[in-house]
S.K.: 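Take a look at the following structure, please.
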Amino acid sequence: MALDKIRAIDIHTHAEEPCGSHPDDGYDELQATMAQYFRAPWSHPPTVPETAEHYRAQGIAAVIFPVDAERETGYRRYANEEVAEIAAEYDDILNPFASIDPWKGKAGLREARRLIENFGIRGFKFHPTMQGFYPNDRMAFPLYEAIAEAGAIALFHTGQTGVGSGMRGGNGMRLKYSNPMHLDDVAVDFPEMTIIAAHPSFPWQEEALAVAQHKPNVYIDLSGWSPRYFPDILVRYCNSILKKKVLFGSDWPMITPERWLADFEKIAIKDEIRPDILKGNAARLLGLS
């Protein structure tokens, strides 16, 4: 991945196109509802190759990952190995992370170690709302230990971004699991593990900012929201004490990177800080610079 040939690094994109496998599992309804909520131009997610081609055309690199939430949701997961193998064909643009439901215990731990050793995976995506767990639940700690030992990144969904919004019962998703304050415990117990709190953490934005400011190993990605809706306090922190700890993320395919970047141009971020938010901070975390 040649940094001089890309204009930004999107730290947060999804690979989940083949996850629906049963007519009654609700996956297609979830995707269609999210696409309508986010005004995305599709009702079923694009493939990984389609994602790579889109990002290549935009001159933007991307971290891409599946979400393993099959235990809680019934959606078939997108195999981590398959995502990694496809992403390897587009390694000028795509950097694959993996996802393992921490409820899988020792089986999940073995999978994480295999992915690190055999596929070079250096990041793992967690979605507490969809996986149904509190990030500081000690049952997840063996998995965190493996991630920390490998020097890998743990990226956690936080807050409410619109996933399941308006659906019956919120599509069964419980928002309580994604309060970013739960990551404070994880950061204390795993101080060497890089943690990314994904999304502006509505309605817990100040909790996320507090944890990221207080814990050196905690970062924030700005995905899942158009920048035009960022709260003022988030913009102030981006412009000051967290300027090296915030990262561009779109939440593709629900928000395209070009839409996010166009809206980012219109908010009051200092010119000298924009390059780090868009590329520099992520490049350092990913070991690209």
Side-chain angles (χ1 to χ4, degrees), residues 1-15 48-49 51-66 80-81 83-99 112 115-126 146-156 187 190-199 212 215-224 227 238 242-253 255-258 260-261 264 269-289:
M1 190 175 291
L3 287 178
D4 60 338
K5 295 183 179 179
I6 57 174
R7 61 189 177 112
I9 298 174
D10 188 337
I11 202 77
H12 196 116
T13 75
H14 286 265
V48 175
T51 298
E53 294 297 341
H54 187 95
Y55 274 77
R56 186 178 284 157
Q58 292 292 325
I60 300 170
V63 169
I64 190 165
F65 42 73
N80 289 305
E81 295 86 351
V83 174
E85 288 169 351
I86 298 173
E89 300 174 14
Y90 302 91
D91 61 1
D92 60 315
I93 288 294
L94 298 183
N95 189 323
F97 280 15
S99 181
L115 291 166
I116 291 167
E117 293 171 6
N118 298 340
F119 290 86
I121 294 296
R122 289 296 177 265
F124 290 80
K125 157 75 171 188
F126 296 95
I147 294 170
E149 287 171 3
I153 296 169
L155 186 151
F156 292 84
F190 297 92
E192 305 307 318
M193 183 173 72
T194 297
I195 297 168
I196 300 175
H199 317 306
K215 301 300 188 292
N217 55 324
V218 177
Y219 297 74
I220 291 174
D221 89 33
L222 302 173
S223 67
C238 287
L242 292 186
K243 62 186 178 182
K244 298 293 186 181
K245 302 189 76 178
V246 288
L247 312 157
F248 159 46
S250 67
D251 217 4
W252 165 277
I255 298 176
T256 65
E258 59 268 29
W260 192 100
L261 291 171
F264 186 66
I269 299 294
K270 297 175 183 177
D271 289 341
E272 65 271 22
I273 289 173
R274 290 177 181 272
D276 270 340
I277 294 177
L278 295 180
K279 184 167 73 169
N281 294 341
R284 286 188 289 272
L285 283 190
L286 296 171
L288 301 176
S289 65

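Here, residue 1 is the first one in the sequence, and each next residue gets the next number.
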S.K.: In the structure I gave you, are the side-chain heavy atoms of Val63 and Ile153 within less than 4.5 Å of one another anywhere?
M.R.: no
S.K.: Does any part of the side chain of Ile9, heavy atoms only, come nearer than 4.5 Å to the side chain of Asn95, both counted from C-beta?
M.R.: no
S.K.: Using atom types as modelled and distance alone, determine if a side-chain donor or acceptor of Lys125 lies under 3.5 Å from a backbone N or O of His14.
M.R.: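 Flag not set: sc Lys125 to bb His14 has no pair under 3.5 Å.
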S.K.: Could you report the tightest heavy-atom contact between Cys238 and Ile277, atom names first, then the distance?
M.R.: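 It is CB-CD1, 4.3 Å.
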S.K.: Answer yes or no: is there a side-chain heavy-atom contact under 4.5 Å between Ile147 and Phe190?
M.R.: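 A side-chain contact under 4.5 Å is absent here.
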S.K.: Which of parallel (below 30°), tilted (30 to 60°) and perpendicular (above 60°) describes Tyr55 and Trp252?
M.R.: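 Ring orientation, 0 to 90° scale: perpendicular.
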S.K.: Tell me the closest heavy-atom pair linking Ile121 and Pro96, and the distance in Å.
M.R.: CD1-O, 3.6 Å
S.K.: Within the structure provided, determine whether His199 and Leu222 are in side-chain contact (heavy-atom separation under 4.5 Å).
M.R.: no
S.K.: Looking only at non-hydrogen atoms, find the nearest pair between Pro257 and Ile60 and report the distance.
M.R.: CB-CD1, 3.7 Å
S.K.: So does Met193 get a backbone contact from the side chain of Asn217, meaning a donor-acceptor N/O pair under 3.5 Å?
M.R.: yes
S.K.: Testing the basics here: between Lys245 and Ala212, what is the closest heavy-atom pair and its distance to 0.1 Å?
M.R.: NZ-O, 2.6 Å
S.K.: State, with a plain yes or no, whether a side-chain heavy atom of Ile196 is found less than 4.5 Å away from one of Leu285.
M.R.: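 When only atoms from C-beta onward are counted, Leu285 and Ile196 do touch, with a gap below 4.5 Å.
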S.K.: What's the separation between atom CZ in Phe65 and atom CG in Asn80, rounded to the nearest 0.5 Å?
M.R.: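 Separation between the atoms: 11.5 Å.
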S.K.: How long is the span from the CD atom in Glu53 to the OH atom in Tyr90, to the nearest 0.5 Å?
M.R.: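 Separation between the atoms: 5.5 Å.
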S.K.: Working to the nearest 0.5 angstrom, can you tell me the gap between Thr51 OG1 and Arg56 CZ?
M.R.: 12.0 Å
S.K.: Short question: side chain of Asp251, backbone of His12 - any donor-acceptor pair under 3.5 Å?
M.R.: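 A pair under 3.5 Å: no.
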S.K.: Say you draw a straight line from NZ of Lys5 to CG of Asp92; how long is it, rounded to the nearest 0.5 Å?
M.R.: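 Reported to 0.5 Å precision, the distance equals 9.0 Å.
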S.K.: Please name the pair of heavy atoms, one in Leu94 and one in Ala52, separated by the smallest distance, quoted to 0.1 Å.
M.R.: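 Between these two residues, the closest heavy atoms are CD1-CB, 3.7 Å.
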S.K.: Can you measure from CG (Asn281) to CG (Leu247) and round to the nearest 0.5 angstrom?
M.R.: 6.0 Å
S.K.: Quick one: do Val83 and Phe119 satisfy side-chain contact (heavy atoms from CB on, under 4.5 Å)? Show the steps, please.
M.R.: CA-CA 10 Å; Val83 174; Phe119 290 86; over 6 Å; no
S.K.: Is the count of non-hydrogen atoms from other residues, nucleotides or ligands lying under 6.0 Å from Glu272 atom CD greater than 12?
M.R.: yes
S.K.: Test side-chain contact (heavy atoms from CB on, under 4.5 Å) on Glu81 and Leu115 and set out the steps.
M.R.: CA-CA 7 Å; Glu81 295 86 351; Leu115 291 166; 4.1 Å; yes
S.K.: Is it the case that the side chain of Trp260 and the backbone of Gly249 share a donor-acceptor pair, with hydrogens and angles ignored and the cut-off at 3.5 Å?
M.R.: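 Side chain of Trp260 to backbone of Gly249: a pair is present.
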S.K.: Look up atom CG in Asp10 and atom CD1 in Ile93, then write down how far apart they are to the nearest 0.5 Å.
M.R.: 11.0 Å
S.K.: So do the side chains of His54 and Glu258 get within less than 4.5 Å of each other, counting heavy atoms only?
M.R.: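 Yes - at least one pair of side-chain heavy atoms lies under 4.5 Å apart.
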S.K.: Where the side chain of Arg7 meets the backbone of Leu278, is there a donor-acceptor pair that is under 3.5 Å apart?
M.R.: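 Judged by distance alone, no pair lies under 3.5 Å.
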S.K.: Walk me through whether Lys243 and Asp276 qualify under salt bridge (Lys or Arg N to Asp or Glu O under 4.0 Å).
M.R.: CA-CA 8 Å; Lys243 62 186 178 182; Asp276 270 340; over 6 Å; no
S.K.: On a heavy-atom basis, which atom in Pro66 and which in Ser99 lie closest, and how many Å separate them?
M.R.: O-CB, 3.1 Å
